[in-house]
Trainee: 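Below you will find the structure I want to go over with you.
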Amino acid sequence: MNGPEEDPAAAPRPCDDTGTDDALDFAAGAAGGPRVLWEMTARIRLHSDTHIGSADDTSRATADIAPLDRDPATGRPRFRATTLAGLLRRHLAERLGDERASAVAELFGEAAPRSAEPGPGASVPSALDIDDAVAELPPEAGVTVRAGNRVDPGSGAAAPGAVWRMETLPAGTAFTLTLRLHVGEGQSEGRLLALAALAADGLAGTGPGVSIGARTARGYGAAACEGWHTLRHDLGTPRGWADYYALTWRQRRDRAHRAVAERCRSRPGARETGLSALFSERLETEPALAAAVGADYSRTLADYGTDDRRRDELALTLHLAERPTDALLGPADAGPDAHAHRPGLLLVGEAPGLDTLGEVDRAHLRRPAVGGDGAVQWRPTLGDTALFALFKRMSRRLVRDISGESGAAAGEWSDDSAARRLHARWWGGDADVQSAPRASAVRLRRAAELTGGTPQRTTRVTIDALFGDSVDASLLTDDVHAGGSAEVVLDVPDPDDAVRGLLALIVRELHTVAMDAVGGGTGAGHGRITVSRAVLTSRGPGADAEPVDLVAAVDDPASADRAAAESWLAALRTALAPDAGRRRSADP
């Protein structure tokens, strides 16, 4: 919880580390409470739109806009301590697995069972104490209201009336997080320190780490840590006790915030490698700290440091372009122009900006993005919802075709269909009268930013369907984006060969002649996406990364990549066989 606001001038003066101070006279050492206290301060930066929902259900506006959570006193957007604790706990639990859940409870505490008798030992308190963090918005952008429309997975069109609106924090927003690790008598400082570091490594911004807020499967809430500051207080000594307790909460916070801000200024645009790596560096350079905690810290990292999650990463390079048919059917010596991508147009609509208001009716979506130097720039995007809907729609079509159910109407997809179960497992399922909505397992790591290309203004008229004439006073002007490319990563937890085969087919569709498109104007040829690079990397405990080039699997029938993909396709066909559901229910 946040501490009270205090006047620094009225606070006691902290002791001077270089000499004796009167403040040490009353600091005889800790008589109770923690034996050692670690202050750990991190500065994280958002790299995509983020919505942290309000804790107050009554705060939804009359316009049905989902609001951000805000500090009740100041009204500034905040990142609640309970939200951060839940994200870190979940990250550590997923990393360690169910068989090592006791280590998670050791760090984050464990509530007493409802049937337990009240008394000491009924619950385990958390060793971590966390403060709320207030958002620091970038000067180039502010809180905006994102509006969108649910895309029907069957038709690819916007579902009527399924509109959502919510406040979002822009990319470039920063939070300074404050965590305190309490080490009590009889507890291993090195063990708790290692567990806290492994949990906090989820903020590093690499791999399937911590994503913040809502719609994270669509790429929202991507964040990366830019710097850490750590400070150890030995509360069993007068100097360590006074260095912590002789300062007010606000003075301690400001001291840590200045230190971590200075570290970030000294290395602009850099990402922190992780808290566990920083602690390991400190143990190598500080012999006293290594003697106190080094053995237990190293032993815990050896026991729990391996990431036991099975997961796949599909790294894609997407181009806003179309691969011409003659590149596939024409002769090999047709010349380089026959095989070149033909740039296309994209319109994921949003309201025009103030500089073009009154000149255009719609503009292509542009969002703040954090550059390599840490500066925030406005860039065109592929559209998070539109891109995820493209993958989901292609998956739906492919599994229906393979299973032989493509002839049935979308509403007639039976509940016991193997194709429906496989699709819902990986891409999520909609609510119906018999089941609740199911979240997607496949996740877009972050929203896709377009690099290259150029903005373009197009003007069109409406054609009367009966007479074929243009309709008077029906002139539409759009600001679209032409060409460009984007780097996209899909995370697939606990994968099997069937979903790998499905991803290989999606890549084949996008690498050859795509039948699907994103955004508006798809009937006129807009929104064509082509993939030029697709590498599927499987990761697991104790195993080296195994990359498979899915583009090579499509282009080269004799490659080892094709052999791997063929085995996955066989597993996909088996999983989609009509009797797959009956076989699964008969398994012990």
Side-chain angles (χ1 to χ4, degrees), residues 34-42 44 84-110 124 126-130 177 179-210 224-234 260 263 270-311 313 493 539-545:
R35 173 175 52 87
V36 173
L37 191 144
W38 279 84
E39 288 185 279
M40 299 177 291
T41 309
I44 64 171
L84 176 59
L87 292 173
L88 294 180
R89 179 171 191 145
R90 178 180 178 181
H91 172 77
L92 185 62
E94 290 179 347
R95 176 167 181 162
L96 300 186
D98 294 338
E99 65 278 5
R100 295 185 287 185
S102 59
V104 180
E106 187 177 349
L107 178 64
F108 288 99
E110 187 173 23
V124 179
S126 174
L128 274 180
D129 182 25
I130 305 175
L177 311 178
L179 302 86
R180 289 175 293 275
L181 178 66
H182 299 257
V183 183
E185 291 293 340
Q187 292 182 307
S188 170
E189 179 182 354
R191 179 178 174 84
L192 289 177
L193 201 63
L195 292 174
L198 292 175
D201 281 350
L203 300 170
T206 57
V210 170
C225 182
E226 296 181 334
W228 277 98
H229 169 70
T230 60
L231 189 60
R232 180 179 185 267
H233 303 281
D234 185 352
V260 73
R263 177 174 176 83
R271 294 190 181 185
E272 198 65 88
T273 55
L275 188 57
S276 58
L278 292 181
F279 278 142
S280 297
E281 293 176 5
R282 287 195 59 175
L283 292 175
E284 292 178 359
T285 57
E286 301 179 29
L289 181 61
V293 306
D296 285 348
Y297 179 86
S298 301
R299 187 183 305 112
T300 304
L301 278 189
D303 293 340
Y304 300 121
T306 302
D307 192 342
D308 287 343
R309 289 172 292 182
R310 294 178 56 255
R311 59 184 179 88
E313 295 177 357
R539 305 183 188 276
D544 295 332

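Computed from a predicted structure; not experimentally measured.
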Trainee: Considering only heavy atoms from C-beta outward, does the side chain of Leu177 approach that of Leu84 to under 4.5 Å?
Mentor: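 Heavy-atom side-chain distance check passes, below 4.5 Å.
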Trainee: How would you list, by chain and number, every residue that makes a salt bridge (charged side-chain N to carboxylate O under 4.0 Å, His left out) with Arg95, sequence neighbours excluded?
Mentor: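 For Arg95 there are no salt bridge (charged side-chain N to carboxylate O under 4.0 Å, His left out) partners, ignoring immediate neighbours.
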Trainee: Using the salt bridge (charged side-chain N to carboxylate O under 4.0 Å, His left out) criterion, which residues pair with Glu313? Sequence neighbours excluded.
Mentor: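 Arg311, Arg445, Arg539.
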Trainee: Scan the side chains in residues 190-198 for donor-acceptor partners under 3.5 Å anywhere in the protein, sequence neighbours excluded, and list what turns up.
Mentor:
{"unit_1": "Arg191", "atom_1": "NE", "unit_2": "Glu106", "atom_2": "OE1", "d": "2.9"}
{"unit_1": "Arg191", "atom_1": "NE", "unit_2": "Glu106", "atom_2": "OE2", "d": "3.0"}
{"unit_1": "Arg191", "atom_1": "NH2", "unit_2": "Glu106", "atom_2": "OE1", "d": "3.2"}
{"unit_1": "Arg191", "atom_1": "NH2", "unit_2": "Tyr304", "atom_2": "OH", "d": "3.0"}

Trainee: Per the ring pair (Phe, Tyr, Trp, His ring centres under 6.0 Å) rule, what does the pair list look like for residues 278-302, sequence neighbours excluded?
Mentor: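 Pairs touching residues 278-302 that pass the test: Trp38-Phe279.
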Trainee: Measuring only between side-chain heavy atoms, which start at C-beta, is Leu203 closer than 4.5 Å to Leu88?
Mentor: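 A side-chain contact exists here, since the closest heavy-atom pair is under 4.5 Å.
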Trainee: Please give me the minimum heavy-atom distance between Arg35 and Asp234, naming the atom from each residue.
Mentor: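 It is O-OD1, 3.8 Å.
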Trainee: Using a 3.5 Å distance criterion without hydrogens, assess whether the side chain of Asp201 forms a donor-acceptor pair with backbone atoms of Ser276.
Mentor: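 Yes; at least one donor-acceptor contact below 3.5 Å.
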Trainee: Could you check whether any side-chain heavy atom of Thr230 comes within less than 4.5 Å of a side-chain heavy atom of Arg282, counting everything from C-beta outward?
Mentor: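 Yes - at least one pair of side-chain heavy atoms lies under 4.5 Å apart.
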Trainee: Between Gln187 (side chain only) and Gly184 (backbone N and O only), is there a donor and an acceptor less than 3.5 Å apart?
Mentor: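 Looks like yes, one N/O pair under 3.5 Å.
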Trainee: Got a second to check how far Leu128's CG is from Arg180's CZ, nearest 0.5 Å?
Mentor: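 If I round to the nearest 0.5 Å, the distance is 10.0 Å.
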Trainee: Just by distance, do the side chain of Arg89 and the backbone of Gly109 share a donor-acceptor pair under 3.5 Å?
Mentor: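 A pair under 3.5 Å: yes.
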Trainee: In Å, rounded to the nearest 0.5 Å, how long is the span from CG of Leu179 to CD of Glu39?
Mentor: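 Leu179 CG to Glu39 CD: 11.0 Å, rounded to 0.5 Å.
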Trainee: Under a 4.5 Å cut-off applied to non-hydrogen side-chain atoms, are His233 and Val36 in contact?
Mentor: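 Side chain of His233 against side chain of Val36, heavy atoms only: no contact under 4.5 Å found.
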Trainee: With sequence neighbours excluded, what pairs up with Arg263 under the salt bridge (charged side-chain N to carboxylate O under 4.0 Å, His left out) test?
Mentor: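 With neighbours one apart ignored, the set is Glu272.
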Trainee: Hey, does Leu87 have a side-chain heavy atom less than 4.5 Å from the side chain of Arg90?
Mentor: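 No - every pair of side-chain heavy atoms lies 4.5 Å or more apart.
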Trainee: Holding to side chain to side chain contact (heavy atoms under 4.5 Å, CB included), I want the full list of residues that pass it with Glu284, two or more places apart in sequence or in another chain.
Mentor: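 Not a single residue meets the side chain to side chain contact (heavy atoms under 4.5 Å, CB included) criterion with Glu284.
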Trainee: Taking all heavy atoms of Arg100 and all of Leu96, pick out the closest pair and write down the distance.
Mentor: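 Scanning both residues, the minimum pair turns out to be NE-O, 3.1 Å.
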Trainee: Could you tell me if the side chain of Asp296 sits less than 4.5 Å from the side chain of Ser188, heavy atoms only?
Mentor: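 Result yes, sub-4.5 Å side-chain heavy-atom pair found.
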Trainee: Taking side chain as C-beta onward, heavy atoms only, is Val260 less than 4.5 Å from Trp228?
Mentor: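 No. Closest side-chain heavy atoms not under 4.5 Å.
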Trainee: Do Leu107 and Leu92 have side chains that get closer than 4.5 Å, going by heavy atoms?
Mentor: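 Side chain of Leu107 against side chain of Leu92, heavy atoms only: contact under 4.5 Å found.
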Trainee: Kindly compute the distance separating CZ (Arg271) from CD1 (Ile44), expressed to the nearest 0.5 Å.
Mentor: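 Here the rounded value is 12.0 Å.
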Trainee: Please check if the side chain of Thr285 supplies one atom and the backbone of Glu281 the other of a donor-acceptor pair under 3.5 Å.
Mentor: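 Answer holds: yes.
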